[in-house]
Student: 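Got a structure for you, questions after.
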Amino acid sequence: LQDRNAYLEKEVQRRTREVVAIQDVTIVALASLAETRDNETGGHIRRTQHYVRALAKKLQTHPRFASFLSDETIELLFKSAPLHDIGKVGIPDAVLQKPGRLTPEERKVIELHPEIGGDTIGKVRERLGTADHELKATEYLRRAMEITYGHHEKWDGTGYPYGTTGEGIALSARLVAVADVYDALVSKRVYK
């Protein structure tokens with residue numbers, strides 16, 4: 001009986017690792033769909049993901065953020081960050097792939113991607129149903145929504161889509177915003 005229980009425990013652990021690996025690959029594949037439509041952001045998803053982890057690890061030692069930024073939360077942020085631009089799949093190619101400066105009208109279209117992505121992730125959460133409070137996926141999807149909706153908000157309220165200010169912007173979204181802007185600054189882009 002002990003041998004059987006030990007075997008079953010190892011089998012559960014093995015299958016859990018398989019499910020997590022499949023989940024991780026699926027997330028990156030979905031996030032890569034947005035990246036493949038935007039010629040300017042090759043590798044952006046992976047770089048941003050690693051920048052987020054580095055920022056969060058550094059902030060983990062700060063007393064103000066230490067209670068939120070557990071190792072488990074940092075891993076969730078690392079896994080959620082690739083979805084920040086998933087809403088770009090809903091942006092027309094003529095705007096998304098334009099090789100120059102956007103017009104004010106085109107800029108408004110691009111500024112829809114946080115809502116498109118956040119709403120999409122919200123629909124996925126709804127499909128999990130009301131019992132999803134017990135699922136680890138709930139926390140993951142909640143962080144992904146925070147990030148997707150808030151990664152273009154700015155501390156002073158001049159960001160989009162909602163003009164949220166200061167600490168009203170989720171810490172997860174603030175971390176991705178810093179990583180996202182940093183990557184844009186250090187990467188070669190046609191429109192810069």
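The figures here come from the full heavy-atom set of this structure, side chains too, leaving out hydrogens, waters and symmetry mates. One is the number of the first residue; the rest follow in order along the sequence.
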Student: Among residues at least two apart in sequence or on other chains, which ones pass ring pair (Phe, Tyr, Trp, His ring centres under 6.0 Å) with F68?
Tutor: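 If we apply the ring pair (Phe, Tyr, Trp, His ring centres under 6.0 Å) test to F68, skipping adjacent residues, there are no hits.
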Student: For atom OH of Y182, decide whether the heavy atoms of other residues, nucleotides or ligands shown that lie under 6.0 angstrom number more than 12.
Tutor: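 Count not over threshold, so no.
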Student: Going by atom types only, do S187 and R47 share a side-chain donor-acceptor pair under 3.5 Å?
Tutor: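 Yes, R47 and S187 have a side-chain donor paired with an acceptor closer than 3.5 Å.
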Student: Give, for atom CD1 of I121 and atom OG of S80, the distance between the pair rounded to the nearest 0.5 Å.
Tutor: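 Between I121 CD1 and S80 OG, I get 8.0 Å after rounding to 0.5 Å.
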Student: Measuring from atom CD of E146 to atom CG of L175, what distance do you get when rounded to the nearest 0.5 angstrom?
Tutor: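 One gets 10.5 Å once the value is rounded to the nearest 0.5 Å.
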Student: Under a 4.5 Å cut-off applied to non-hydrogen side-chain atoms, are Y160 and E115 in contact?
Tutor: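 A side-chain contact is absent here, since even the closest heavy-atom pair is not under 4.5 Å.
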Student: In terms of the angle between their ring planes, are Y162 and Y149 parallel, tilted or perpendicular, with boundaries placed at 30° and 60°?
Tutor: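 The rings of Y162 and Y149 sit tilted, inter-plane angle from 30° to 60°.
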Student: Where is the tightest heavy-atom contact between I116 and T120, given as atom of each residue plus distance?
Tutor: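 For I116 versus T120, the nearest heavy atoms are O-OG1, 2.7 Å.
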Student: Under the salt bridge (charged side-chain N to carboxylate O under 4.0 Å, His left out) rule, what pairs show up with a residue in residues 152-165, not counting sequence neighbours?
Tutor: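 Checked against salt bridge (charged side-chain N to carboxylate O under 4.0 Å, His left out) - neighbours excluded - no pair reaches residues 152-165.
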Student: State, with a plain yes or no, whether a side-chain heavy atom of L55 is found less than 4.5 Å away from one of Q60.
Tutor: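 Side-chain contact under 4.5 Å: no.
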Student: So which atom in G118 and which in M145 form the shortest heavy-atom distance, rounded to 0.1 Å?
Tutor: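 Smallest heavy-atom distance, with atoms named: O-CG, 3.8 Å.
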Student: Would you check if T48 and P82 make a side-chain contact, meaning some heavy-atom pair closer than 4.5 Å?
Tutor: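 T48 does not reach P82 side chain to side chain.
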Student: Has the side chain of H84 got a donor or acceptor atom that lies under 3.5 Å from a matching backbone atom of A81?
Tutor: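 The answer is yes, because a donor-acceptor pair under 3.5 Å joins these two groups.
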Student: If you define the side chain from C-beta out and look only at heavy atoms, does anything of I91 sit under 4.5 Å from I110?
Tutor: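 Yes, their side chains come closer than 4.5 Å.
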Student: Once rounded to the nearest 0.5 Å, what's the spacing between atom CD1 of I45 and atom CG of D183?
Tutor: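 Interatomic distance, I45 CD1 to D183 CG, rounded to 0.5 Å: 10.5 Å.
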Student: What heavy-atom pair brings K58 and T61 nearest, and what distance separates the two atoms?
Tutor: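 Minimum heavy-atom separation between K58 and T61: O-OG1, 2.8 Å.
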Student: Decide, yes or no, whether a salt bridge links R174 with D180 under the criterion of side-chain N to carboxylate O below 4.0 Å.
Tutor: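 Result for this pair is no, no salt bridge flagged.
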Student: For E9, check salt bridge (charged side-chain N to carboxylate O under 4.0 Å, His left out) against everything at least two apart and list the hits.
Tutor: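 Scan of E9 (salt bridge (charged side-chain N to carboxylate O under 4.0 Å, His left out), adjacent residues dropped) gives none.
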Student: Rounded to the nearest 0.5 Å, what's the gap from CG on L77 to CD on Q49? Could you check?
Tutor: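 The CG atom of L77 sits 11.0 Å away from the CD atom of Q49.
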Student: Checking side-chain contact (heavy atoms from CB on, under 4.5 Å) for the pair D85/H151: CA distance, chi angles, key distance, verdict?
Tutor: CA-CA 9 Å; D85 277 339; H151 75 283; 3.1 Å; yes
Student: Tell me, yes or no, whether the heavy-atom count around R15 atom CZ, taken from other residues, nucleotides or ligands under 6.0 Å, exceeds 12.
Tutor: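 No - once you tally the heavy atoms of other residues, nucleotides and ligands closer than 6.0 Å, there are 12 at most.
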Student: Looking at R142 and E139, does any basic side-chain N land under 4.0 Å from a carboxylate oxygen?
Tutor: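 Salt bridge present between R142 and E139.
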Student: Is the shortest distance from a Lys or Arg side-chain nitrogen in E111 or K108 to a carboxylate oxygen in the other one below 4.0 Å?
Tutor: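 Salt bridge: no.
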Student: Once you round to the nearest 0.5 Å, how far does NZ of K57 lie from CD1 of I74?
Tutor: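 Atom-to-atom, K57:NZ and I74:CD1 are 4.5 Å apart.
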Student: Is the shortest heavy-atom distance from the side chain of R4 to the side chain of L8 under 4.5 Å?
Tutor: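 In short, these two side chains touch, coming nearer than 4.5 Å.
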